[in-house]
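The block underneath contains the structure these notes are about, expressed in C-alpha cells.
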Amino acid sequence: MVSVTVLLGSVVAPSAQQATFSAKREAVRVDVLVTDRAKVVTGLGAGDFEVRDNGVLQTIDLVSFQQIPLNVFLAFDVSASVSGERLKHLQTAGHALLDRLAKDDRSALLTFSHAVLLREGLTGATTRVRQALTDVEPIGDTALVDGTYAAIMLGPSDGGRNLLLVFSDGLDTASWLRPERVLDSAKRSDMVVYGVSARGPEESKFLEDLTELTGGDTLKIESTRDLSAAFLKILDEFRQRYLISYSPTGVAPDGWHRLDVRVKGRRVTVKSRTGYQAGT
Amino acid sequence: MLHADIAVGIKPGTGLPNRPGPGGLTLFMNDGQQLGLQNTISHWTIGRRLLDAVRPVDSKSSLQTRPDPVADDFVRRWYIAGAAYMMRIRNIEPAHFTRGLQLFPDDPDLLFFAASAHESFAGVRTQSVMRLLKARRDVSFGVKDEGAELRQAEQLYKRALDRNPKFVEARIRLGRVLGQRGRHDEALEQLKQGLTIGEPLLQYYANLFLGGEFEAQGNGAEARRSYERAAAIEPLAQSPLFGLSRLADQAGDGAAAREAVARVLKLPPKDYERADPWWVYEVAQSRDVDLLLADIRRGF
C-alpha cells in the first residue's frame with residue numbers, strides 16, 4: 001500500500017539556473033505481507049526491511065504492525081445472478097467479516113449491479129453496514145469496473161489503513177470505464193484490494209490485475225458457500241501486514257515508481273504493491 | 001436469448017429443400033452467463049416460410065405466378081419490425097437477419113438492425129457465453145469472435161450509410177464500433193457528425209462516446225467537454241460522471257475526481273428514479289418498435 005498524503009515538509013534549494021525551487025517531500029507508505037511457507041512472519045522491525053524505490057535504496061522511517069485501525073470497504077456485486085442462495089451466502093459472509101472488526105475499525109458498503117450505490121459510507125457503526133447489507137436486492141447487469149473505481153475513490157487519506165474487498169460472481173457487462181484506466185487510477189490510491197471471484201472457468205482479469213497491482217490477492221471460490229471463509233481469511237491476512245513508511249530520496253518526484261521490498265537475510269515471501277504513481 | 005436452427009437431414013434427390021425445420025435451440029443467457037439450452041419451435045421461422053411464398057396480389061392466377069416476396073413492401077416492413085423486436089427483447093434469431101438481407105440487401109433500416117445485432121454479439125454479454133458454451137458440437141448460433149463481429153457490424157453500418165447518408169444514428173453507432181476497433185480518428189469523425197441530431201438520447205450517446213474517444217487520444221480537455229455535455233443532457237446518468245472523475249484523476253486532481261464520484265453516489269437509488277441510457281444501449285436502437293409493430297398489425 002502506498003500513500004502520498006502526508007506532507008513532511010518542503011525543501012528550498014539553490015539552483016545554478018534558477019533562484020530557488022520548492023518541492024514537496026511526501027511520505028510513502030507501503031503495506032507489506034511477509035510469509036514463510038504460507039505462515040505469516042511477525043516481529044519484524046524497520047531494520048529488517050529493505051525498500052527500493054525505482055531501484056534506489058530508501059531509509060525506512062517507521063514500521064507499524066497491527067497498530068493502525070482499518071478502513072474496510074466492501075464492494076459487492078448485487079447483479080441479478082447474485083440472487084437466492086448466493087445472496088444469502090454473501091450476506092452471511094459480510095456479516096461474519098463485520099463481526100470480526102475491532103472497536104476502532106471502520107467499514108463501508110458499496111454495491112454494484114449496472115448502477116453503483118453507496119449503501120453506507122465509512123462508519124464505525126458496524127450495525128448500520130450490517131443492516132445495509134441485509135437490505136440489498138439483486139438486480140440487473142454487472143458494472144464491476146465502475147463499482148470498483150467508485151470504491152477506490154472512497155478511500156480517505158487520513159492515515160488509516162484502507163482495505164477494499166471486492167466480490168463478484170460475473171464478468172463486467174455494464175461498466176462505462178475501461179479496466180486499464182481504472183488500473184491506472186489504482187496506482188495513485190493507497191487501497192490494498194482483495195478480490196473474491198465466484199465466476200468459475202472464466203475469471204475476471206481486471207480483478208486479478210488490480211489485486212496484484214495493489215499488493216492484495218484474488219481468491220477464487222468454487223461456491224458462494226465458501227465466501228465466509230474467504231472473507232475472514234482476507235481480513236486476518238490484512239491485519240497481519242506491516243505498514244512501512246519512508247520519505248523518498250534520490251528519485252524523481254513524478255511518474256511511476258517501481259517498488260521492491262525485501263526482508264534482509266531471510267528467505268521469505270514478501271507481498272506488496274508493485275509501485276505507485278506520483279504526480280500526473 | 002439466441003436461436004440456432006437445427007438442420008433436418010433429408011436424403012439427396014428427394015426434391016425437398018434441405019432447410020432447417022421450425023424447430024431450433026434457444027440459448028438463454030443473463031449477465032454474461034449461460035442459463036440454459038432448450039428445444040423450441042420458432043414462430044419466426046414459420047413466418048419467414050410463409051412470406052417466402054408471397055406472390056403479387058394483382059396476379060390473376062396467383063398460384064401459377066412465382067413467389068416474389070421482395071416485391072411486397074409488407075414483407076420488407078415485417079423483417080424490419082421483427083429485427084427491431086428481437087433486439088428489443090434480446091431474443092435474437094440470426095436467421096431472421098440473414099434472410100432479411102438476402103431479400104432486401106439495400107434496405108438501410110434492415111442493414112442498421114443487422115449491424116446492431118453484430119455489435120451486440122461482439123459485446124461481453126454474448127462473447128463470454130460463447131467462449132464457455134455448453135452445447136452439442138454440431139450446434140452453431142452463428143456468433144463469431146469479438147473482432148469478426150465488430151468487422152461485420154462496421155461493414156453493415158457503412159452499407160446503411162451508403163444507402164442513407166443522413167442516417168445519423170447509424171453514424172453514431174459506426175463511430176462507437178470504430179472506437180472499439182481502435183480506430184479513434186475515424187471514430188471521432190463519425191461521432192462529431194452525430195452531434196447534429198436533435199434527439200437528446202442520440203446526442204447523449206454521441207457525446208459519451210466522443211468523451212471516450214478523446215480520452216483514448218489523450219485529449220483531456222475535449223474529453224471533459226464531451227462528458228460534461230452528456231452529463232447535462234442526462235443529469236441522472238452515472239457514466240459521464242465516471243468519465244469526468246477518471247479524467248480529473250489522471251490529471252492529478254484527486255479532489256475533483258472524488259467530487260465527480262460523490263455526484264454518482266448521490267444519485268437516487270432506484271432504477272426508475274435514475275436513468276443512464278448507456279445501460280440500455282444494446283436495445284435503444286429499437287425504441288420505436290411499437291410503432292413498427294403497429295404498422296404491421298394494420299395490415300391484418
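Lettering of chains follows the sequences in order, A, B, ..., and the numbering in each one begins at 1. Reckoned from all heavy atoms, side chains included, excluding hydrogens, waters and symmetry mates.
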With a 4.5 angstrom heavy-atom cut-off, is it the side chain or the backbone of [X] that approaches chain B, or both, or neither?
X        : value
A:Ile152 : neither
A:Ser175 : backbone
A:Leu177 : side chain
A:Arg178 : side chain

Quiz prompt | All pairs passing salt bridge (Lys or Arg N to Asp or Glu O under 4.0 Å) where residues 200-212 of chain B contributes a residue, at least two apart | solution =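 Applying salt bridge (Lys or Arg N to Asp or Glu O under 4.0 Å) to every pair that reaches into residues 200-212 of chain B, excluding sequence neighbours, yields nothing.
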
Using a cut-off of under 4.5 Å for heavy-atom pairs, which of [options] has the most such pairs with chain B?
options                      : value
A:Ala174, A:Ser185, A:Gly121 : A:Ser185
A:Val116, A:Leu117, A:Leu118 : A:Val116
A:Ala115, A:Ala143, A:Ala150 : A:Ala115

Taking atom types as modelled, is there a side-chain donor on [X] or [Y] under 3.5 Å from an acceptor on the other?
X        : Y        : answer
B:Ser245 : A:Tyr149 : yes
B:Asn207 : B:Gln203 : no
A:Thr134 : A:His95  : yes
B:Tyr157 : B:Glu119 : yes

Under 4.5 Å from any heavy atom of chain A - which part of [X]:
X        : value
B:Glu282 : neither
B:Asp276 : neither
B:Ala237 : neither

Does a side-chain N-to-carboxylate-O contact under 4.0 Å join [X] and [Y]?
X        : Y        : result
B:Glu169 : B:Arg287 : yes
B:Glu222 : B:Arg225 : yes
A:Glu208 : A:Lys220 : yes

Quiz prompt | Among B:Val261, B:Asp249, B:Leu267, B:Leu265, residue most engaged with chain A (heavy-atom pairs, under 4.5 Å) | solution =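 Most heavy-atom pairs within the cutoff with chain A belong to B:Asp249.
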
